[in-house]
Every structure is written in C-alpha cells, then in structure tokens.
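Here is the naming used below: chain letters follow the sequence lines, and residue numbers restart at 1 for every chain.
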Amino acid sequence: MNLPYYSSFSPSPGLAFLSLEDAFEVLAESSEFREMEGPCLAFRRAASVLKSLPWAVQSLGATRDLPCLGEHTKAVMEEVLQCGRSFEVEKILSDERYQTLKLFTSVFGVGPKTAEKWYRRGLRSFTDVLADRGIHLNRMQQSGFLHYGDITRAVSKAEARSLRNVIDEAVRAVSPAATLALTGGFRRGKEFGHDVDFIVTTPEPGREKSLLPNVINGLKKQGILLFCEYQASTFDTAKLPSYRFEAMDHFAKCFLILRLEASQVEGGLHCAEGDGRGWRAVRVDLVSPPMDRFAFALLGWTGSRQFERDLRRFARVTQRMILDNHGLYDKTKAASAHFQCIGQSGEPFELRAEPESGVRRIGAADRQGRHPVTAVSRQALPGGQ
DNA sequence: AGGCCTACG
DNA sequence: CGTA
DNA sequence: GCCT
C-alpha cells in the first residue's frame, strides 16, 4: 500500500506504538532547540506518518512504502523495534539543555528563543527565572507563570462543553442570531485538549467587527477574564473592494484565559489532587470571521497543525492553489497580480484530490482517526447545521 | 541545491 | 519574538 | 532529514 506524501490525509486510529511516535517527537524537539528547522520538520512528519497508520508497525518491512521515512528515521525505528529503546533518544532525554528548554517552553508565551536566552544566563528552573531581577516577563509570560498549573493541565470534554455554554451566553447577549461552533481538537473528537477553540459569527453583515469586543466586555463584567489578547480584523471591504486578496488579512480573534467554575461543569473540574479552589483557568481562543468565510475559518481552525501544513502544501504544489484560513485561490486563474477566490456566494467548495493522487476527501475526525464526517460542505455552513 | 504552512500581534 |  |  502506498501512502501519499501528504501523510496526515490518511485515516488514523493511532493508538499503538506510542514509543516510536514519541521517539520522533523528541528528535524533532531536540532539532528545534538546536535551530535545525529542516530536521525538526522531517522528524515531525515522520511522527505524523506513524500516527496516521491504522495498524501498528512491527517490522521495518512494513514501512517500506511510507513517505517521510528515510535512512535516519528507519535506523531509529529498527533500534526501537528490536530493543524498545533508542540510544540517540535516550541521550537527548538525559541532556540538561534539552530538559531545561523543554521546561521553559512549556510556559505560555515562552518559545525556543526565549528559553535559550534564559539557559545561556545559567538559569535552570522556574525559581531561577522568577528570582532573576534582570528578566522582564511580558504580559503573556506573566499569565503563563501565574496560571501554569491550570494551563498545562488537560482540558476535558465536559469542561469544553461547559465553556461552550459560557461563551454562548455571552455571545447571545450581544447578538441573538449569532452562530457558535466548537472547533480545534474537540471538533476532531478528542476527549482532552490543551485549550478550547470557538468560531463565532453573525448573519448581520459588518456586525462581526463589534461582536468579539462586546463578547470580551461581557466576560470581563462577569469577572472571569484572566487574560485577553485581542487582534482586530484587518479586513476592509470599503477600502479596497476590487483588491480582495490583498485586502484579506485576518479575522478578528482573541487568545483568552478564562476562569471556569467547578459548579458549571458536569461531573466537576479536571483538577489537581487537593485543589479546593472550586475553579480553574482554561485557555480559550475565539475567532470571528464574516459569515461567508465561516467554512474556511472552520477548516483552518479544526487542525491539526500538521494536517493544516500538509493541506496547504498540497493545495499549492499539487493543485496550484493557495489555501489559508480565509479562502482558496486558483493560481492558474489569476487575474493580474490577484487570485480568484473559490467557494464564495455560499456554494460549498471542495479541495478534493482525484483518486489517482491517492488522496480522498475526509472529515474532521479522520485527521486523527474516528468516525467519518464531512469536513467541509454545505452542512458545515451556518444555517446548514 | 533548495524548500519545508501561513498570518497575525 | 510569540500565538494559532 | 526527507523530498523534488
């Protein structure tokens, strides 16, 4: 069986052989910390290929026709398959620099560069960082440390459902006709996530501009807004109606940290042993596209990250199209410097690979393996649900 | 030899 | 630089 | 590091 190069298109129950997958994730992370972006991506793809398989790899021969697995990754696999461990991976895991950078980058707002900076200063623990007078934490990092325990703890499906109610109430107070959709990992059928993503849109044109700020204000008045970074949309039809592509930048969105009350969660909070607070902090993302862009936003925000990468590269290289969260553009039908946008005026768009390309149209759940659903169709559009 | 998703704050 |  |  031949898998397409764009590996995360494949079905993927992916329960077994976590150790192989984890081995590549460690190698990817290590590459990232050493600023080797190429190898990092290659190991991520290798991990993604393994995750996408519906069976457990038990011999090297079974990986013969798989993409993204080359000399190095196969050598690691042979080691793991034979003795259940890899010398290279264990060396990385025992490395002080790797351990420290892994710890630092687990903080919301701290990436590889900042982690590296702190490491070079000789800092090795959170205590070291917080005690260093020479370190200025930005707003995001302050929140990251303040809510570290809560933010790094998984969010349950029950907590996501409860948050849906909280957001829905705040949205409905602003625009009763608005549509709210749960996206991200929970839309892919996951039981746990690290945050909760929503798309909110209103049928009243132009209203989406004030929608999010008003929702944020509502949450603030409730006293449950712990962190908020709001990004206004740069979309402006009045300015450049004919230059759609360049005018299209980004939808309004916000990264939030919300206070979730235990009393509002069916079955209680997913919290630490002996936590008597009765609430926890949760990362929440809201994105608010104009209604005619709902489907593209949903496609872009349903993920996973590797799936989005593969899908966009596939659109560009194989289909000669450009895909982003706003639309799909046909490069071969470009008028001067601009592209024609596909799938406007409400008809469902399809980025459907033909059978000979070895790729099929799939649903959100297929992006990590569960029941089949139609990913992008009329049913996914507001009013169709 | 050159690319690796794309776009924001 | 960081977020998704 | 893997692919084109």
Side-chain angles (χ1 to χ4, degrees), chain A residues 3-8 24 27-28 30-32 34-49 63 66-77 88 104-118 136-144 151 183-185 193-199 227-235 245-257 283-289 296-319 321-329 351:
Chain A
L3 268 189
Y5 179 77
Y6 299 92
S7 48
S8 62
F24 291 143
L27 291 168
S30 174
S31 301
E32 188 173 35
R34 298 149 95 97
E35 294 176 281
M36 299 160 66
E37 297 310 323
C40 171
L41 189 53
F43 286 126
R44 289 254 149 79
R45 288 192 184 130
S48 177
V49 166
T63 68
L66 296 180
C68 310
L69 300 176
E71 201 183 332
H72 191 149
T73 51
K74 281 184 173 164
V76 172
M77 287 179 69
E88 189 184 2
F104 288 168
T105 54
S106 71
V107 178
F108 179 62
V110 179
K113 302 296 177 189
T114 305
E116 169 73 31
K117 204 173 73 188
W118 291 352
H136 179 72
L137 299 176
N138 64 30
R139 217 168 54 85
M140 204 177 259
Q141 292 158 350
Q142 287 178 33
S143 290
I151 291 177
T183 71
H194 92 282
D195 64 4
V196 191
D197 304 314
F198 296 98
I199 299 180
F227 172 86
C228 174
E229 185 182 294
Y230 173 68
Q231 306 182 356
S233 170
T234 50
F235 180 86
F245 180 75
E246 291 181 350
M248 295 257 294
D249 262 330
H250 205 269
F251 309 131
K253 68 176 180 187
C254 57
F255 308 139
L256 309 177
I257 298 175
R283 279 273 301 107
V284 174
D285 295 328
L286 305 181
V287 57
S288 182
F296 294 101
L298 193 59
L299 178 63
W301 279 78
T302 299
S304 67
R305 195 164 95 193
Q306 192 58 43
F307 176 82
E308 301 298 336
R309 283 183 162 182
D310 287 345
L311 187 61
R312 285 166 180 168
R313 210 146 70 99
F314 170 72
R316 183 165 44 78
V317 175
T318 327
Q319 307 296 101
M321 290 184 179
I322 292 176
L323 174 70
D324 63 18
N325 286 8
H326 317 105
L328 179 66
Y329 310 92
L351 182 67

Quiz item: Between atom CZ in F251(A) and atom P in dA4(C), what is the gap in whole Å?
Solution: 18 Å
Quiz item: Out of dC2(D), dG2(C), dA4(C), which has the shortest distance to the side chain of E71(A)?
Solution: dC2(D)
Quiz prompt | Separation of the P atoms in dC3(D) and dC5(B), to the nearest angstrom | solution = 15 Å
Quiz item: If only atom types and distance count, is the side chain of Q231(A) paired as donor or acceptor with the main-chain N or O of K253(A) below 3.5 Å?
Solution: no
Practice problem: Nearest whole angstrom, please: distance from the P of dG2(C) to the CD1 of I151(A). | Solution: 16 Å
Quiz item: Where the side chain of T73(A) meets the backbone of G70(A), is there a donor-acceptor pair that is under 3.5 Å apart?
Solution: yes
Practice problem: For S30(A), check side chain to side chain contact (heavy atoms under 4.5 Å, CB included) against everything at least two apart and list the hits. | Solution: R34(A), I92(A), Y98(A)
Exercise. Salt-bridge test for E37(A) and R44(A): reply yes if a basic N is under 4.0 Å from a carboxylate O, no otherwise.
Key: no
Quiz prompt | Rounded interatomic separation in angstrom, taking CD1 from I257(A) and C1' from dT3(C) | solution = 12 Å
Quiz item: How long is the line joining CZ of F108(A) and C1' of dT3(C), in whole Å?
Solution: 7 Å
Practice problem: Select base, sugar-phosphate, or nothing to describe what G38(A) touches, counting heavy atoms under 4.0 Å on all strands. | Solution: base
Exercise. Would you mind classifying the nucleic acid contact of S31(A) as base, sugar-phosphate or nothing, using non-hydrogen atoms under 4.0 angstrom?
Key: nothing
Quiz item: Roughly how many Å is it from CZ in F255(A) to P in dA7(B), rounded to a whole number?
Solution: 15 Å
Exercise. Ignoring the backbone of Q231(A), work out which of dC8(B), dA4(C), dG1(D) is nearest its side chain.
Key: dC8(B)
Quiz item: Should T114(A) be listed as having a side-chain N or O under 4.0 Å from OP1 or OP2 of dG2(C)?
Solution: yes
Quiz prompt | By side chain to side chain contact (heavy atoms under 4.5 Å, CB included) - contacts of D285(A) (at least two apart) | solution = D195(A), D197(A), F255(A), R283(A), W301(A)
Exercise. Mind checking Y230(A) for me? I need base, sugar-phosphate or nothing, with any heavy atom below 4.0 Å counting as a touch.
Key: nothing
Quiz prompt | Candidate nucleotides dC4(B), dC2(D), dG2(C), ranked by approach to the side chain of K113(A) - the nearest | solution = dG2(C)
Exercise. Take atom NZ of K74(A) and atom C1' of dC2(D), then tell me their distance rounded to the nearest Å.
Key: 11 Å
Quiz prompt | Between C1' of dG2(C) and CG of D285(A), the distance in whole Å | solution = 13 Å
Exercise. For dA4(C), take OP1 and OP2 only and decide whether either is under 4.0 Å from a side-chain N or O of R283(A).
Key: yes
Practice problem: Under 4.0 Å between any heavy atoms, over every strand shown, what does V110(A) touch: base, sugar-phosphate, or nothing? Just pick one. | Solution: sugar-phosphate
Practice problem: Would you kindly give the CZ-to-P distance between F104(A) and dC1(C), to the nearest whole Å? | Solution: 18 Å
Practice problem: Would you indicate which nucleotide in dG9(B), dG1(D), dA4(C) comes nearest to any side-chain atom of E229(A)? | Solution: dG9(B)
Quiz item: Closest to the H194(A) side chain: dA4(C), dG9(B), dG1(D)?
Solution: dA4(C)
